[in-house]
Structures are given as C-alpha cells and as structure tokens.
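Below: the structure, in structure tokens.
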Amino acid sequence: MPKKTPLKLGSRAMCQWCDEKLHPVEIIASRKVSDEYEYYVHYTEFDKRLDEWVKLERLNFDFEKIDSDQKVEKETKSLKMMTRLQRKKLDMTHAEGCSGSKNDIIQKKDHEDFKPGSLPEHEKVKNIAKIELGRFEMETWYFSPFPPEYNECEKLYFCEFCLNYMEKKEQLLRHMKKCQLKHPPGNEIYRSGTLSMFEVDGMKNKMYSQNLCSISKLFIEHKTADIEVGGFLFYVLCECDDRGCHIVAYFSKHTNSQRSRAKQGPRSGHFLI
C-alpha cells in the first residue's frame, strides 16, 4: 500500500541510483502523484545537477548502511577535486530521473509570491526537467526562475528564433507558423561560411535576452538569471542553413564594462574567444 503521509522534508536515507548501488540522499521536496508520494532527493555525494524525483521503493532507511557524516564529507570533497573530464564522465552515466505529470508539489517554501532569486539556493527544486530547442531535446541540470505556472511542466518548448516558450508541442507548432523571425533579433555583425554572429541589445530586446539568461540558468548553477538585461549586449553565435539561423552559443558584455559572460555549445568556445 502506498504511504498515506509524506516523509519529513530534510530526512536522510539511502537511494538506489542508476548504478544500482545505494547512495546517501537528503529529501528536499515531495509531491503526490495519484495516491502515491514521490520525493525530490539530493545525492549528498554528487553535484546538484543529479538531483531527481524518485518513488518510495527506491529509498532505503536501513541506517546501518548509511556512512557517517565524516565519510560522506570526505567523499564529497574528493568528488569536488575531480577534473572536469572525470566529472563529465560521471554525469554521462546518469540515467533520466523520474518525472511526473502536473500534481501537487509540497516544498519547504510557498511559491505563491514567487520572485526570481527569492528562494535560498539549497531549497530550489529543479522545476523544468527538459527543454526542446530547435532539433534538440536537452535534460536540464538546475533550477531556473520561470513563472510559477510552468513549474510543473515536464518539458518546455522554445522557439529557436525568438525564444518564446510554450507548454505543449502543438502550441509551438502554431507559433512557428506565425513567428516572422529566422535569426536572433539583432544586427548581424559577422559571417563566415555557415556561421553568423548577431549583436542583441538587451535594452531593445528584453524578452529575448531574459529568456536567453533563463535557459542558461538551467545549465549553470550560479548563473544570474534575474539581472537587468537592459545593461547588457548579447553576442549570439548561430549556424545558418536554408531554414534560418540556429543558436549554438553566446556571450554577454555589460555596456559599461569590459567584463563578459559566456555560454557556449560544443566546439564554439575558441571561436567566441
């Protein structure tokens, strides 16, 4: 029989991961799916990008199997000292987390009066599981401050040209028939072969710039998504074909500063530099 009341938030347990081994976790949030509770857990040994929703049967409360806090801290420290390549290989072993439909989510804080950045970082539950951008579907890593009505969406669909987002594929298809953009809403300042660079003024294109930052926040934990984009210029690198110019990377620069922020796709880092 499914448990009628949820487990206490903050409880610690062991959870079966994709390697079929038990790992220590902390229960961050819970939600009710039909008559059964699911739990959002943080693997204390691993990075937050591996946090996921799990069913009760994956949790083990045999505390004799749980290592001491000192050992967990030691293992966590060793993981943080991994090279980027080692960490990438570990992340690639992560199977898709459990995800549910629109259901009640019980969290430590109420999201009714949600404001970007209002929740402490350790209390943020990854709100969007996947996004679809152009031909690509991506599994997200971190929380990003989208409007609360989208918090229970398993996947968001983005127009790859204007970056407007929708809950359903059908909505995206209807939008694409009306969207007149075929490239980022800025000036093309460079072209070489199939590559083009567009300069987007955050003051003139606030919605596009804000959505670009929100997408980045899904993959960069410490990315600031609630900045005043009006003070930034965004340089968007695109790969062009007969269908349009498709975003592959970008960096941003404060209009009154030489400091820049970058978000890049594969093989585009050297080009941006």
Side-chain angles (χ1 to χ4, degrees), residues 1-3 6-34 36-101 103 105-108 121-132 136-144 151-156 216-223 265-266:
M1 292 292 291
K3 191 175 181 62
L7 298 172
K8 184 178 179 181
L9 302 185
S11 299
R12 294 183 178 271
M14 300 295 283
C15 183
Q16 187 178 36
W17 197 46
C18 59
D19 60 1
E20 298 185 355
K21 296 180 181 179
L22 292 174
H23 295 272
V25 298
E26 179 183 0
I27 297 175
I28 303 298
S30 63
R31 66 183 179 187
K32 196 170 185 180
V33 181
S34 299
E36 185 177 3
Y37 282 98
E38 291 182 350
Y39 300 93
Y40 192 78
V41 299
H42 168 60
Y43 293 92
T44 56
E45 299 173 313
F46 304 140
D47 187 272
K48 283 181 61 179
R49 71 182 68 173
L50 301 184
D51 294 0
E52 61 178 341
W53 289 101
V54 301
K55 295 183 181 297
L56 182 62
E57 53 262 30
R58 287 179 59 186
L59 298 175
N60 188 309
F61 292 90
D62 185 353
F63 287 93
E64 291 182 359
K65 296 181 180 179
I66 300 181
D67 295 330
S68 64
D69 291 339
Q70 291 81 6
K71 184 176 180 181
V72 171
E73 289 177 4
K74 183 179 178 180
E75 292 174 346
T76 303
K77 184 176 180 181
S78 66
L79 283 167
K80 288 181 179 179
M81 295 176 65
M82 281 183 173
T83 65
R84 289 181 63 187
L85 180 59
Q86 289 172 324
R87 237 191 288 250
K88 184 177 180 180
K89 288 181 178 179
L90 176 63
D91 295 339
M92 289 177 66
T93 65
H94 175 55
E96 290 188 1
C98 299
S99 58
S101 56
N103 298 283
I105 296 181
I106 305 168
Q107 295 180 331
K108 292 182 181 180
E121 192 67 29
H122 70 279
E123 291 186 2
K124 291 178 179 176
V125 173
K126 181 165 56 180
N127 49 342
I128 308 296
K130 299 176 184 177
I131 65 169
E132 183 176 307
F136 301 97
E137 179 182 272
M138 294 164 275
E139 185 177 351
T140 64
W141 288 351
Y142 302 111
F143 171 94
S144 185
N151 279 355
E152 298 177 20
C153 294
E154 182 178 351
K155 182 162 69 172
L156 276 185
S216 298
K217 184 68 176 71
L218 291 168
F219 303 96
I220 304 176
E221 183 177 12
H222 301 295
K223 171 74 176 177

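Hydrogens, waters and symmetry mates play no part in the numbers below; they use all other heavy atoms, side chains included.
Atoms CG and SG, from Leu22 and Cys15 in turn, are 8.0 Å apart once rounded to the nearest 0.5 Å. Note that NZ of Lys217 is 7.5 Å distant from CZ of Phe143, once rounded to the nearest 0.5 Å. We find the CD1-CZ distance between Ile220 and Arg49 to be 10.5 Å, quoted to the nearest 0.5 Å. Here the CD-CD1 distance, from Glu139 to Ile131, works out to 11.5 Å after rounding to the nearest 0.5 Å. Separation of atoms CD (Glu26) and OG1 (Thr44) is listed at 8.5 Å; rounding is to 0.5 Å. The line from OH of Tyr37 to CG of Leu56 is 12.0 Å long, rounded to the nearest 0.5 Å.
Considering only heavy atoms from C-beta on, Val54 stays 4.5 Å or farther from Trp17 through its side chain. The shortest side-chain heavy-atom distance between Val125 and Trp53 falls under the 4.5 Å cut-off. With contacts defined as side-chain heavy-atom distances shorter than 4.5 Å, the pair Leu7/Leu59 qualifies.
Contacts of Glu57 classified as side chain to side chain contact (heavy atoms under 4.5 Å, CB included), with partners at least two apart in sequence or in another chain: Glu36, Lys55. In this view, His23 and Asp19, Glu45 satisfy the side chain to side chain donor-acceptor pair (under 3.5 Å) rule, not counting sequence neighbours.
Summarising the geometry of Pro6 relative to Tyr39, their closest heavy-atom pair is CA-OH, 3.4 Å, with the distance given to 0.1 Å. Nearest approach of Leu218 to Ser144, heavy atoms of both residues: CD2-CB, 3.4 Å.
Side-chain atoms of Tyr40 come within 3.5 Å of backbone N or O of Lys126 as a donor-acceptor pair. In this structure, Ser30 contributes its side chain and Glu38 its backbone to no donor-acceptor pair below 3.5 Å. Here the side chain of Thr140 pairs a donor or acceptor atom with the backbone of Ile128 at under 3.5 angstrom. For the pair Lys155 (side chain) and Ala129 (backbone), a donor-acceptor distance under 3.5 Å is absent.
Note: Phe219 and Trp141 have perpendicular aromatic rings, judged against thresholds of 30 and 60 degrees for the angle between ring planes.
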